[in-house]
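Proteins come first, then strands; the chains are lettered A, B, ... in the order of their sequence lines, and each starts at number 1. Heavy atoms only: backbone and side chains are in, while hydrogens, waters and symmetry mates are out.
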Number of protein chains: 2
Amino acid sequence: MPVDEGSTRWLEPEEMHAWLSFIAGSALLESALDRQLQRESGMPHAYYQILAMLSDAPRRTLRMSDLAAATQSSQSRLSHAVSKLEGYGWVHRSQCPDDRRGTLATLTEQGMAVLREAAPGHVRAVREHLFDLLTREQVAQLTDIWQTVLAGMRDRDGVVATTRTVLGEAAG
Amino acid sequence: MPVDEGSTRWLEPEEMHAWLSFIAGSALLESALDRQLQRESGMPHAYYQILAMLSDAPRRTLRMSDLAAATQSSQSRLSHAVSKLEGYGWVHRSQCPDDRRGTLATLTEQGMAVLREAAPGHVRAVREHLFDLLTREQVAQLTDIWQTVLAGMRDRDGVVATTRTVLGEAAG
DNA sequence: CTCCAATAGTTGAACGTTCAAGCTCCACCG
DNA sequence: CGGTGGAGCTTGAACGTTCAACTATTGGAG
């Protein structure tokens, strides 16, 4: 229940325009990517990200909590997702040696193969809908903007969001 | 099923960094907004957007298809959502006079009241997580980037995405 | 005028996510 | 060393979205 009344700093026209542009653009972009992946590889973008992060990790293995942080998903969401991926045979769960509460998720050979199949189409879509439309400068600006937002999150919520390193071309 | 092999233009390091930053930042931002709205006003961000768009329309009324375009949602998604909102008494459906296939959605007084209650907290969250962290210049860059993306979508898919005008301070 | 493709909207089932609860195990304090 | 708070993960139900039908209506083309 909002308390405010009177003291609200509404968005200024330029901010409102920026906000509507971002909301609209990013929603359409995300749904385009989701549809492309669903159509050509039978998985949502979120699952692709899980596979991609795993593919880039040492031994293609990550602890559930690290994988959750790397994909910006809740533990619950990740747990459900990995169950599904495990059902497909794309990911394998095992017990964490040093911490018996822990679970390790490993990308299987089959999962790797699926990812390799999916990657080119996905990258093409990302290019087509985003990077091929932007200048080098805009790419740099995009990075700065979202790094700033991420830094803000970290300051607020205490350290989270361990945006993993490169991930390279997911299917190297 | 991807065809490619060999000819894929992978993302360059700067693009990869931009991509991961954007994906992570926007996901965390969106989920922060969703949680704030759910907690303080009992509705997801998508529903807020529907109410906001209606509040800004003449007679607080929009045709379903226009409302769908304005909120970047599929007709199906909107139809389900409006059913829910109608159940709460926040939106009212009526038949379109000029086109008997059409349906009009109108924001009720009660819906307007709920939106007015929700708006300050939502705007505060948007500021806190985004605009208060960015410079004026970055706000302008953000706008340009996403307008470019939207233009790309329109070129590709043929005209869609009628990003409505201002929407003002949703609760004027 | 009659057809017929296209447009507008809805519906139900399948899917993925959130939320709250629960379980196991670790860590640390006394 | 027993106890307790918290971390790590999972589960099931509720929720919102997608997908694929399906109905009803419109706007031409012949």
Contact check, side chains of Arg9(A) and Asp132(B), non-hydrogen atoms, under 4.5 Å: yes

Main chain of [Y], side chain of [X]: is a donor-acceptor contact present, judged purely on distance under 3.5 Å?
| X | Y | answer |
| --- | --- | --- |
| Gln72(A) | Ala70(A) | yes |
| Arg127(B) | Trp10(A) | yes |
| Thr103(A) | Met64(A) | no |

Spacing of Gln38(A) atom CD and Ser31(A) atom OG [to the nearest 0.5 Å]: 12.5 Å

Starting at CG of Leu134(A), measure out to CH2 of Trp146(B) and round the result to the nearest 0.5 Å. 8.0 Å

Just the endpoints, please: which first and last nucleotides of DNA chain C, 5' to 3', lie under 4.0 Å from a heavy atom of chain A? dG16(C) to dC26(C)

Applying a 4.0 Å non-hydrogen cut-off, can you work out what Ser73(B) is touching in the nucleic acid: base, sugar-phosphate, or nothing? nothing

Have a look at Ser65(A) and say if it touches a base, only the backbone sugar-phosphate, or nothing, with a 4.0 Å heavy-atom cut-off. sugar-phosphate

Gln75(A) vs Ala81(B), nearer the 5' end of DNA chain D by closest nucleotide: Gln75(A)

5'-most by nearest nucleotide on DNA chain D - Met64(A) or Arg35(A): Met64(A)

Sorted by position of nearest nucleotide on DNA chain C, 5' first, the leading residue of Gln38(A) and Asp34(B) is Gln38(A)

Close approaches to DNA chain C from residues 86-106 of chain A, in residue order (heavy atom, under 4.0 Å): Asp99(A), Arg100(A), Arg101(A)

Measure from CZ on Arg63(B) to C1' on dT25(D) and round the result to the nearest Å. 10 Å

Can you tell which of Ile145(A), Val139(A), Leu29(A), Leu150(A) makes a side-chain contact (heavy atoms from CB on, under 4.5 Å) with Phe22(B)? Leu29(A)

hbond_proxy Ser76(A) side chain to dT11(D) base (donor-acceptor, 3.5 Å cutoff): yes

Side chains of Ser73(B) and Thr71(B), donor plus acceptor under 3.5 Å: yes

